[in-house]
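A short worksheet on the structure shown next.
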Amino acid sequence: MINSLADPSINLRESLDAKSYTHINNLQRLCLEHDRTNLKLELDYKLSRAEGKPGSLKTINEFMCYEGELLIGYMGICDFGGEEIEVNGMVHPDYRKKGIFKTLFSFAKNEWSKRRASRMLLLSDRDSLTGQAFIKRVSGVKYEHTEYEMFLQSDTKQELNSSKVVLRKATGNDTREIARQNFIYFEQESQDENMLIPEEEARAGMIIYMAEVNNCVIGKVHLDISSNVGGIYGLGVLPEYRRKGYGRDILTLGIKELKSNNFQEIMLQVNVKNEKALDLYRSCGFEVTSTMDYYELKK
């Protein structure tokens, strides 16, 4: 255990570069090995969107505490557009109980005060005693929801419920429909400047597919191919088309698409409020690997 900090410094960045990505990733591996819990830092997502973009510090999303050349604490903001930001972080096991996490959180909270987002979501693995304890000490925080991370078992076979559903890659013409569906499924409001542009998302490794039946859009799914694990996100079926087995078909087609891209591991995340969706994923061969609790702060 380190008793004092020789030369702590705070490094603020708008986005990740290769060097900071490596430092944060190394610290994450150390913390995961020590704590046996999970973090949701979205490092690959962030790095893929930062490439080629000069930092201006107009907005700050990365907060890093160093002692000399060693990264000893990190907190990151994920802003997916809309009215909320997500915050998650970690501290080197040998440098805990020194106020580092509290200091980083004060920087993140100050940054949030400058943004239009009305909500901050604080994330913690349910099994993280230190993370849960810190969040519950934050004034005004309340439990919001829980998200399960699930991985597909390699020996599972998926079958289509019907042959009617097809997936097509989204284009710029689908931008407003994607935003509309995100509001229906996840209550995510998006202003024009924050809407997901399919072509931009694809360049960063997130491919958005519109699900259609007889050339009519009935839902969508986002497939993440930016890392060595294939990811399934944003899956939903429009209310008027539910209870027809289309959700299972969209999921099955998404899995097949990822497998065709040679992904050996496939994961997804699901909000626990949607128990029917959780049952669907389990019936398709997914098993829960971690449980992330979300806590809400409002301005």
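In this text, all values refer to a predicted model and were calculated from it rather than measured experimentally.
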Task: Ile218 side, atom CD1; Lys244 side, atom NZ - distance, nearest 0.5 Å - done: 10.5 Å

TODO: Verify the cluster assignment for Ile250 and Tyr185: are they in a single hydrophobic cluster under the rule of side-chain heavy atoms below 4.5 Å apart?
DONE: yes

Open item on the list: Are Arg248 and Leu280 packed together at the side-chain level, in the sense that at least one heavy-atom pair is separated by less than 4.5 angstrom?
Closed with: yes

Task: Flag for Arg126-Thr146: side-chain donor and acceptor within less than 3.5 Å - done: yes

- [ ] Could you name each residue pair satisfying side chain to side chain donor-acceptor pair (under 3.5 Å) that touches residues 225-236, not counting sequence neighbours?
- [x] Asp224-Ser226

TODO: Verify the neighbour count for atom CG of Asn110: are there more than 12 heavy atoms of other residues, nucleotides or ligands below 6.0 Å?
DONE: yes

TODO: Can you establish whether the number of heavy atoms outside Gln264 located under 6.0 Å from its atom CD is more than 12?
DONE: no

Open item on the list: Quick check: do Val221 and Leu251 have side-chain heavy atoms less than 4.5 Å from each other?
Closed with: no

Task: Electrostatic pair Arg36-Asp125, nearest N-O below 4.0 angstrom - done: no

- [ ] Quick one: list whatever passes ring-ring contact (aromatic ring centres under 6.0 Å, His included) with Phe263, sequence neighbours left out.
- [x] none

TODO: Kindly compute the distance separating CG (Leu258) from CD (Glu265), expressed to the nearest 0.5 Å.
DONE: 12.0 Å

Task: Considering all heavy atoms, the nearest Ala170-Pro198 contact - done: O-CB, 3.5 Å

TODO: Give, for atom CG of Leu167 and atom CG of Leu253, the distance between the pair rounded to the nearest 0.5 Å.
DONE: 4.5 Å

Open item on the list: If hydrophobic clusters are built by linking Ile, Leu, Val, Met, Phe, Trp and Tyr wherever their side-chain heavy atoms come under 4.5 Å apart, do Ile266 and Leu278 end up in the same one?
Closed with: yes

- [ ] Step through the shown structure and confirm whether more than 12 heavy atoms of other residues, nucleotides or ligands are within 6.0 Å of NZ on Lys299.
- [x] yes

Open item on the list: Which residues pass the ring-ring contact (aromatic ring centres under 6.0 Å, His included) test with His23, not counting sequence neighbours?
Closed with: Tyr66

Open item on the list: Under a 3.5 Å threshold, yes or no: a donor from one side chain and an acceptor from the other, between Glu14 and Asn61?
Closed with: no

Open item on the list: Would you say that more than 12 heavy atoms from the other residues, nucleotides or ligands in this model lie under 6.0 Å from the NZ of Lys256, or not?
Closed with: yes

Task: Cationic N near anionic O, under 4.0 Å, Lys220 to Asp174 - done: no

Open item on the list: One pair to check against ring pair (Phe, Tyr, Trp, His ring centres under 6.0 Å): Tyr281 and Tyr148. What are the steps and the verdict?
Closed with: CA-CA 11 Å; Tyr281 299 137; Tyr148 286 161; over 10 Å; no

Open item on the list: Using a 3.5 Å distance criterion without hydrogens, assess whether the side chain of Glu111 forms a donor-acceptor pair with backbone atoms of Ile60.
Closed with: yes

Task: Single-linkage hydrophobic cluster Phe151~Ile255, side-chain heavy atoms < 4.5 angstrom - done: no

Open item on the list: Using every non-hydrogen atom in the two residues, find where Leu71 and Cys65 come nearest and quote the distance to one decimal.
Closed with: CD1-O, 3.4 Å

- [ ] Could you tell me whether a side-chain N or O of Asn26 sits under 3.5 Å from a main-chain N or O of Thr22, the two making a donor and an acceptor?
- [x] yes

Task: Leu152 versus Phe286, closest heavy-atom pair with distance - done: N-CD2, 3.4 Å

- [ ] Mind running salt bridge (Lys or Arg N to Asp or Glu O under 4.0 Å) on Arg168 and Glu212 for me, showing each step along the way?
- [x] CA-CA 8 Å; Arg168 66 163 175 84; Glu212 294 184 336; 2.6 Å; yes

Task: Asp127 side-chain N/O to Thr37 backbone N/O, donor-acceptor pair under 3.5 Å - done: no

- [ ] Please report the shortest heavy-atom distance between Pro93 and Leu30, naming the atom on each side.
- [x] CD-CD2, 3.9 Å

Open item on the list: Checking the side chain of Ser128 only, and the main-chain atoms of Ser124 only, is there a donor and an acceptor separated by less than 3.5 Å?
Closed with: no

Open item on the list: Given 3.5 Å as the limit, does a donor-acceptor pair link the side chain of Arg13 with the main chain of Ser15, or not?
Closed with: yes

Task: Approximate separation, where rounding is to 0.5 Å, of Lys114 NZ and Thr59 OG1 - done: 10.5 Å

Open item on the list: So Arg29 and Glu33, do their side chains get closer than 4.5 Å, heavy atoms only?
Closed with: no

Open item on the list: Given 3.5 Å as the limit, does a donor-acceptor pair link the side chain of Glu296 with the main chain of Val141, or not?
Closed with: no

Open item on the list: Tell me if the CD atom of Glu69 is crowded by more than 12 foreign heavy atoms within 6.0 Å.
Closed with: no

TODO: May I ask you to check whether Tyr294 and Lys40 show a side-chain donor-acceptor distance below 3.5 Å?
DONE: yes

Open item on the list: Just checking Phe105 against Phe134, ring centres under 6.0 Å apart?
Closed with: yes

- [ ] Decide whether Leu129 and Phe101 are clustered together by the hydrophobic rule: side chain heavy atoms of Ile, Leu, Val, Met, Phe, Trp, Tyr closer than 4.5 Å, transitively.
- [x] no

Open item on the list: Are Glu199 and Arg203 packed together at the side-chain level, in the sense that at least one heavy-atom pair is separated by less than 4.5 angstrom?
Closed with: yes

Open item on the list: Please determine whether residues Leu235 and Val229 belong to a single hydrophobic cluster, defined as Ile, Leu, Val, Met, Phe, Trp and Tyr linked transitively by side-chain heavy-atom distances below 4.5 Å.
Closed with: no

Open item on the list: So for atom CD1, which belongs to Ile10, do other residues, nucleotides or ligands contribute more than 12 heavy atoms lying within a distance under 6.0 Å?
Closed with: yes

Open item on the list: To the nearest 0.5 Å, what is the distance between CG on Leu223 and CE on Met206?
Closed with: 8.5 Å

Task: Result of checking Leu122, Leu121, Leu123, Asp293 against Glu144 for side chain to side chain contact (heavy atoms under 4.5 Å, CB included) - done: Leu121

Open item on the list: So does Val237 get a backbone contact from the side chain of Arg242, meaning a donor-acceptor N/O pair under 3.5 Å?
Closed with: yes

Task: Min side-chain heavy-atom separation Phe63-Ile77 under 4.5 Å - done: yes

TODO: Run through Arg96, His92, Lys98 and flag the one making a side chain to side chain contact (heavy atoms under 4.5 Å, CB included) with Ile72.
DONE: His92

Task: Nearest-0.5 Å distance, CG of residue Leu27 to CE of residue Met64 - done: 11.5 Å

Task: Gln132 and Tyr295 side chains, donor-acceptor separation under 3.5 Å - done: yes

- [ ] Report yes if some heavy atom in the side chain of Tyr74 is under 4.5 Å from a heavy atom in the side chain of Glu62; otherwise report no.
- [x] yes

TODO: Determine, stepwise, if the pair Asn271 / Glu147 fulfils side-chain contact (heavy atoms from CB on, under 4.5 Å).
DONE: CA-CA 4 Å; Asn271 188 327; Glu147 184 177 79; 5.7 Å; no

TODO: Report yes if the side chains of Leu196 and Asn182 come closer than 4.5 Å at any heavy-atom pair, otherwise no.
DONE: yes

TODO: For Glu257 and Ser260, work out which heavy atoms get closest and say how close.
DONE: O-OG, 2.6 Å

Task: Nearest heavy atoms of Asn38 and Ser290, plus distance in Å - done: ND2-CB, 2.7 Å

Task: Residue of the set Arg282, Met150, Gln153 for which side chain to side chain contact (heavy atoms under 4.5 Å, CB included) holds with Glu287 - done: Gln153

Task: Test item: Met90 and Met75 side chains (from C-beta on) under 4.5 Å apart, heavy atoms - done: no

Open item on the list: If we ignore hydrogens and angles and just use 3.5 Å, is the side chain of Trp112 paired with the main-chain N or O of Ile85 as donor and acceptor?
Closed with: no

TODO: Spell out, as yes or no, whether a donor-acceptor pair under 3.5 Å connects the side chain of Asp17 to the backbone of Ser20.
DONE: yes

